[in-house]
Amino acid sequence: MPFKRYVEVGRIALVNYGKDYGKLVVIVDVIDQNRALVDAPDMVRGQMNFKRLTLTDIKIDIKRVPNKKTLVAALEAADVKNKWESSSWGRKLIVQKKRASLNDFDRFKIMLAKIKKAGVVRQELAKLKKETTA
Amino acid sequence: MAPQQRKPHVCRNPDLIRGVGKYSRSKMYHKRGLWAIKAKNGGAFPKHEKKAVAAAPTEKPPKFYPADDVKKPLVNKRKARPTKLRASITPGTVLIILAGRFKGKRVVFLKQLTSGLLLVTGPFKINGVPLRRVNQSYVIATSTKVDISGVNVEKFDDKYFGKKVEKKKKKGEGEFFEAEKEEKSLLPQEKKDDQKSVDAALIQSIEAIPDLKSYLGARFSLKAGMKPHELVF
């Protein structure tokens, strides 16, 4: 089982610990065995331990340590945001965030919708069962 | 200058601690301006003749003197205020009652009374909670709001909800042994009418929002996997 996601300049990673938890960052340089220089459009470029990062499949084409303008342009060109939000990992995170922010009233409405959906499914199932036994 | 408007006089010699003033006697002499009064009067304090006082009847010396010095009570400037209302609770908020007969019920908040308790109503037709007082500590405020502009809650205050004082009946000996018939206290028609008038406008604004009526009719409960500290209400 070879590695598929490598630490390299331009690799997009997800921060999984610390102040910037949940952000997508670009690895802009490797400092040493344990640390990388990371950058994102909405944060000050800084170092991060690899243990705080989870690598993603997305990679952009940049030179080592680009300036902020070039970085933002490269991110736009590669369309990282849409790629991330359409990937199954990205979609899962969006759903988790939505669920966590649900109001008590929202949870009630969802419960009603689930019951309704289950009722419809059950009806169809009953119909199918009838057909097969008949 | 407005006529006869006197500001309450601030003490010239505030207490550092009880019994000890901030300024010494000489300082107070200067502050009171006695030097200026004397100077105006040519070096001596102005005197006027004593009015002739009729000889007061001789008083007996009191039998009792307190043994120790009587202490001056400390000044208390606190004012009674209703409890501070949480920022999340505004008129029209849906609240979840956490204790008592109606625990778990979702209820509409009307206003805070002067005692600090919250005036709340079901509405009665929807979930059986009447116009009631509830303590802020036993309530979770949700972020759901109902439009409450059509409701008039001016007439409700703590006295409206107080217990009725019954006249004490004198018990004779014979009556002790009789089974006491307790009169069932019926709810006066006036209170029922109040409930109806408050709820009429409320129910209209509730029915404007889909599913809100059944939401208010259902009770809240914690299910498996729900972590109260992570839930957003």
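Because the structure is predicted, anything quoted here is derived from the model rather than measured. Below, read A as the first sequence line, B as the second, and so on, with proteins coming before strands; counting in each chain starts at 1.
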What part of A:Leu102 gets within 4.5 angstrom of chain B, counting heavy atoms only: side chain, backbone, both, or neither? backbone
Identify which part of B:Ile209 has an atom lying under 4.5 Å from any heavy atom of chain A, answering side chain, backbone, both or neither. side chain
Heavy-atom distances under 4.5 Å only: say whether B:Ser143 touches chain A with side chain, backbone, both or neither. both
Residue part contacting chain A, namely of B:Ile96, when any heavy atom lies under 4.5 Å: side chain
Any salt bridge between B:Arg133 and B:Asp158, counting N to O under 4.0 Å? yes
What I'd like to find out is whether the side chain of A:Asn103 reaches to under 4.5 Å of the side chain of B:Thr144, using heavy atoms alone. yes
Run the salt-bridge test on B:Asp194 and B:Lys191 with the 4.0 Å N-O cut-off and return the result as yes or no. no
With a 4.5 Å limit on heavy-atom distance, are the side chains of B:Leu98 and B:Val139 in contact? no
